[in-house]
Amino acid sequence: MRNIAKQTLIASCLTLLLAGVGPAQADDHGEVRELVRQGEILPLQSIVERAVGEQTGQLLEVELEREDDIWVYELELLRDDGRVYKLYYDARTGEHLPEFEDD
């Protein structure tokens, strides 16, 4: 079951990126690709794989923001119980940042 959830989350993530839902505060996808190429941030797929171990659900939105002088990935998930849950990760290290979460 976890494998299906992981595949669904990754597929949703890729769909959102291809649809243009993605970086906030990073001006465009080209800038994000350049940040990845320079080693400033991890690829989103790496972050999604980490998130699957933390929470299951349908991926609604992904944002890349600059917070407190670090790049932060924010993943918004719709859980099976209907609640929206946000997970935050340091985009450079992949470290989960629970201090950014409000619930």
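The shown structure was predicted, so the numbers you read here are calculated from the model rather than taken from an experiment.
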Which residues pass the ring-ring contact (aromatic ring centres under 6.0 Å, His included) test with Y89, not counting sequence neighbours? H96
Give, for atom [atom1] of [X] and atom [atom2] of [Y], the distance between the pair rounded to the nearest 0.5 Å.
X   : Y   : atom1 : atom2 : answer
K86 : E61 : NZ    : CD    : 7.5 Å
Y88 : L75 : OH    : CG    : 10.0 Å
E40 : E34 : CD    : CD    : 9.5 Å

Identify, with sequence neighbours excluded, every residue that meets salt bridge (Lys or Arg N to Asp or Glu O under 4.0 Å) alongside R33. none
Go through the structure and list residues passing salt bridge (Lys or Arg N to Asp or Glu O under 4.0 Å) with D81, not counting sequence neighbours. R79
Please find the pair of heavy atoms, one from [X] and one from [Y], that lie closest to each other, and give the distance.
X   : Y   : answer
L42 : V36 : O-CG2, 4.0 Å
I47 : G94 : CD1-CA, 3.8 Å
L59 : V62 : CD2-CG2, 3.7 Å
G57 : L77 : O-CD2, 4.4 Å

Sub-4.5 Å side-chain heavy-atom contact between [X] and [Y]:
X   : Y   : result
Y73 : I41 : yes
L97 : I70 : yes
D68 : E99 : no

